[in-house]
Amino acid sequence: MIDYDTLNPEQLKAVLHEDGPLLILAGAGSGKTRVLTHRIAHLIEECDVNPYSILAITFTNKAAQEMRHRVDRLVTTGAEDIFVSTFHSMCARFLRRDIDRLGYENSFTIYDADDQKALIKSILKDFQVDTKVFKERTFINAISDAKNDLITAEEYDSSTAGNYNLQKIAAVYLEYQRRLKANNALDFDDLLMKTVELFKEAPDVLERYRRRFRYIMVDEYQDTNHAQFVLLRQLAERIGDDGSIEHNLCVVGDDDQSIYRFRGADIRNILDFESQYTDTTVIKLEKNYRSTQTILDVANGVIENNIERKAKTMWTDNPKGDAVKLNIYDSDILEAKGIADDIEKRRSDGVSLSDCAILYRTNAQSRLLEEQMVVRGIPYKLVGGVNFYSRMEVKDILSYLRTVENGLDSLAVTRILNVPKRGIGNTTVSKVQAYADLRDLSFFEALCEVPYIQGISASTKAKITAFTELITNLRSKAANERLSVEEIIDEILNETGYIDYIDEYADSDDEVIERRSNIDELKNKAAAFEESLVLSDSEAMPLSAFLQEVSLVSDIDEVDDSVGGVTLMTLHSAKGLEFPYVYICGLEEGLFPGRSVLMSEDPGSEIEEERRLFYVGITRAMKELTLSCAKQRMLRGEINFNDKSRFLKEIPPHLLDITSNTKPHTYISERERPSRRNFDDSGFEPDVPYRSSFKQKQYDISDEFIFDLETPSSFKSPKASSSAGPAVARQAPRSFGSRDASTLGFAVGDTVSHMKFGEGVVKDIVSGGKDFEITVDFPTVGTRKMLASFAHLKKV
DNA sequence: AGTCACGTCGTTTTT
DNA sequence: CGACGTGACT
């Protein structure tokens, strides 16, 4: 039953919108999921729209499930027919059906990050690239970036002609694609890119989906990349019988919550939506239903410091609530203990543990927190870290399944060829590989021809033949006896003696138990999955569908809401969630914002992304928010002494309740302090000019600190370490602070040029202490505010 | 072929 | 600190 009365006017307007492009700018906690579900329900119930023709794209599989659930509660029937999915799952389904049109086999494998890395590694080895000089990460990132921008290997190659380094990347990219195809595999980025390609190459396929999906809705639109943008454009264009063009595309997003630029998300997708789709209806949802007034004020105070954003202010009717707490600890360990203490206190006050979440910037921070939870017997749920499906034993079994399913997947075959140990070593593998390369065979095919390969001993040949027979037997047995995935796994375990292998190689009894239970868990998941397949009478092959499912689940999808416990996760994973009690820890310079951000060439925009991440974290909290930082932290085996995060200074002080849990003079023992390490390692290179973002508001709470964090450049002096006793606030030098506006080289009224936006007229110059905020009117993009130090404006 | 000991290097964040 | 690769030895 749809209850329109509970919606506010803007929400209602969005829900009732039927045809034409719709952009919903939905701030944190503004009830956007409610709007989306109600809109879908409205279309079905009131507008006679067939649920089958509705496509809803969410950020995670879990969000997809939940959306379907919530629609189901609103409509009488049909919620199960809505296509709700993530971009990646959707593409995988499309490709599974039609990728043969692009010359792949429909039984393709999806490579995860590990597979991708292994493949790149083998290419670099064959190309004799020195990975000390050219890091494999560089190649992976460059290829991924290219794919997200829909640049093929061939295009990359021709567009980089003349650039030695980029040509090297191009060569690897070309080979990478060649091998992916030879293995009949796609990586994550390919899922998007190949779908776009499929739609271009096979217009009839595109037409089928265009006809089907009359209404498309996309959540978290601010985090879409170029490939996703193009994909949506392809799908959303529907040519009516009368030749009219419809774009029934509804996107929901919040530019302040864009936190995935590092993986290609293009914030312009949301900022330019109106200009991309003519006649767009724009609706802003600025009323927050989630958080207290105070939490919201803190969030607003922080995000206001970003320049690159659409102006908006969230407001709420909710009560004021408690002040946001900031706890300052001497060390990371004490921080973890402090948080655990606090949660225990809440627990004894009757707060449910599942109402509490601890958020942090990096996964590595979870360890200390976990330890404290274990020590105190506080149940907790850890999101992320080592993915279940990347555990060694799980990957081994999956590789067997992949080999059974897709014999071309050489990566999977090489992984299991000698697992459990069969006495087939690297030299043999190389010989087989050489034979395969020579005859243009897949690795497995070459293995099958091992009797004809020169230079391999008879005993080794026998071992290989035993392996290929094992696989072919599994294959035919699975097919002939129509084995379930679970039964195939059992078959694998029996035939290979994998369980004995675990017993033999595990270091401890605990490890044996752990690994065995992981395999049981995998079997359970397989069984549960097949059951769901039967229910949804899908025609998909169970094994192939299972493998696909498994490669696309995210960590957050794995969280079980039905079990209690404190949730521990990264700020990124927390996107879209809410908790009554939220802890954000590790608020230190060098950690949050991260070290690499501070050192990057363009810290300005990267710090803005970090700030958005903080904003996302703050706005997860409903009732109470507790922030914390530590003066001393173990990072990569070294003790670091970092300043409190700059973001803390952006919080209006009257909203902040600061507690300093520090014991001056005792927190760093001389023994603990490594002599070779001193304070100029606080995350700042002496010669890298550091610039903070322009601060509209910044509050001085530096007396809570050992150092003043205003000027990291002051840590240059080695003397800082020797005299850095407790509570010595350092005076901030003004060395590259207040410049005169005349040094800019332009004034109000001048025409200047900008790299991206072209020429524009300077409207205003405001001094921000260290930098200048320049307002420029561009004919192309309108009025923009930017920082002089990042914008590189030149007078024309 | 397999194992062990030592050196290097690095972290954001994830579908 | 810990994962991972290299190289020498059994």
Side-chain angles (χ1 to χ4, degrees), chain A residues 57-64 85-92 110-114 116-118 121 124-125 131-132 135-137 140-141 144 147-148 186-193 220 223-225 227-228 258-265 332 359-368 383-387 389-390 392 418 420-429 457 459-460 463 504-505 548 551-557 569-575 586 590-600 606 609-610 612-614 616-617 633-640 674 683:
Chain A
I57 299 174
T58 56
F59 202 68
T60 62
N61 296 299
K62 197 177 183 201
S85 166
T86 63
F87 270 107
H88 293 271
S89 301
M90 174 181 81
C91 290
I110 299 169
Y111 276 4
D112 67 13
D114 289 337
Q116 193 181 19
K117 200 168 149 199
K121 207 173 266 180
L124 295 185
K125 200 175 169 191
T131 50
K132 296 245 156 65
K135 300 265 178 293
E136 66 190 26
R137 265 295 285 278
I140 293 173
N141 288 341
S144 177
K147 287 183 177 182
N148 286 329
L186 302 182
D187 66 16
F188 283 130
D189 302 315
D190 277 340
L191 291 174
L192 303 171
M193 192 169 174
E220 309 285 6
D223 282 322
T224 52
N225 60 34
Q228 290 163 333
S258 162
I259 53 173
Y260 282 101
R261 221 166 33 157
F262 71 89
R263 72 171 201 217
D332 45 1
L359 312 180
Y360 36 80
R361 180 65 240 269
T362 62
N363 279 309
Q365 288 167 259
S366 70
R367 257 188 50 179
L368 289 177
V383 182
V386 195
N387 186 302
Y389 296 104
S390 1
M392 192 245 286
N418 201 27
K421 299 262 181 292
R422 298 189 175 88
I424 307 171
N426 284 330
T427 41
T428 310
V429 170
S457 72
S459 66
T460 309
K463 289 169 188 164
E504 198 176 327
Y505 281 90
Q548 171 172 317
S551 52
L552 293 176
V553 292
S554 70
D555 295 323
I556 200 84
D557 295 332
M569 65 186 147
T570 62
L571 288 145
H572 281 89
S573 298
K575 187 166 87 155
L591 184 63
F592 191 22
R595 194 187 175 103
S596 50
V597 168
L598 300 174
M599 312 253 273
S600 85
E606 292 200 36
E609 173 127 332
E610 295 277 298
R612 288 193 291 270
L613 191 55
F614 188 36
V616 167
R633 181 176 299 274
M634 184 74 103
L635 219 61
R636 296 200 307 271
E638 283 179 332
I639 299 171
N640 283 59

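Naming: A, B, ... by sequence-line order, numbering from 1 per chain. The analysis underlying the following values was restricted to heavy atoms, covering all of them including side chains, and did not include hydrogens, waters or symmetry mates. Model, not experiment: these values are computed from the prediction.
- The shortest distance between the side-chain N/O atoms of A/R361 and the OP1/OP2 oxygens of B/dT11 is not below 4.0 Å.
- Rounded to whole angstrom, the span from the CG atom of A/L552 across to the P atom of B/dT15 amounts to 10 Å.
- In terms of position on DNA chain B, the residue among A/S596 and A/T86 whose nearest nucleotide sits closer to the 5' end is A/S596.
- Taking atom CG of A/N363 as the reference point, atom C1' of C/dA3 lies 15 Å away to the nearest angstrom.
- Distance A/M569 CE to B/dT14 C1': 14 Å, rounded to the nearest Å.
- Distance CD (A/Q548) to C1' (B/dT15): 13 Å, rounded to an integer number of Å.
- A gap of 22 Å separates the C1' atoms of B/dT13 and C/dC4, to the nearest Å.
- Considering all non-hydrogen atoms of both residues, A/D557 and A/K62 come closest at OD1-N, 2.9 Å.
- In this structure, A/Y260 forms no aromatic stack with the base of B/dT13, since the conditions of centre separation below 5.5 Å and plane angle below 30° are not both met.
- Among the atoms of the strands shown, base atoms are found under 4.0 Å from some heavy atom of A/V597.
- Here A/K575 lies out of heavy-atom contact (under 4.0 Å) with every strand.
- With A/H572 contributing its side chain and A/I259 its backbone, the two residues share a donor-acceptor pair below 3.5 Å.
- Within the 4.0 angstrom heavy-atom criterion, only backbone atoms of the sugar-phosphate kind lie near A/K135; the bases stay farther away.
- Contact annotation for A/G425: backbone-only contact, meaning every heavy-atom pair under 4.0 Å involves sugar-phosphate atoms and none involves a base.
- By the 30° and 60° cut-offs, the orientation of the rings of A/Y260 relative to A/F59 is tilted.
- Residue-level contact check: A/E609 touches neither bases nor backbone, having no heavy atom under 4.0 Å from any strand.
- Counting non-hydrogen atoms of other residues, nucleotides and ligands closer than 6.0 Å to CZ of A/R261 gives a total above 12.
- Separating the CG atom of A/L598 from the P atom of B/dT11 is a distance of 16 Å, rounded to the nearest angstrom.
- Counting to the nearest Å, the C1' atom of B/dC9 and the CD atom of A/E638 are 11 Å from each other.
- Using modelled atom types, one side-chain atom of A/S85 and one backbone atom of A/M90 make a donor-acceptor pair closer than 3.5 Å.
- The interatomic distance linking A/F262 (CZ) with B/dT11 (P) rounds to 14 Å, in whole Å.
- Across all strands, A/N426 comes closer than 4.0 Å only to sugar-phosphate atoms, never to a base (heavy-atom distances).
- A/D189 comes within 4.0 angstrom of nothing in the nucleic acid, heavy atoms only.
- Among the heavy atoms of the strands, none lies under 4.0 Å from A/S89.
- Taking side-chain N and O atoms only, A/T428 has a distance below 4.0 Å to OP1 or OP2 of B/dA1.
- When rounded to the nearest whole Å, the span between CZ of A/R367 and C1' of C/dC1 equals 7 Å.
- In this model, the phosphate group of B/dT15 is not approached by any side-chain N or O of A/T60 to a distance below 4.0 Å at OP1 or OP2.
- Within the 4.0 angstrom heavy-atom criterion, only backbone atoms of the sugar-phosphate kind lie near A/S573; the bases stay farther away.
- Among the protein residues, A/F592 comes within range of no part of the nucleic acid, since none of its heavy atoms lies under 4.0 Å from any strand.
- The closest donor-acceptor contact from the side chain of A/S89 to the backbone of A/T86 lies at 3.5 Å or more, if one exists at all.
- Within the nucleic acid shown, A/G594 has no heavy atom closer than 4.0 Å to any nucleic acid atom.
- Within the 4.0 angstrom heavy-atom criterion, no nucleotide atom of any strand lies near A/R612.
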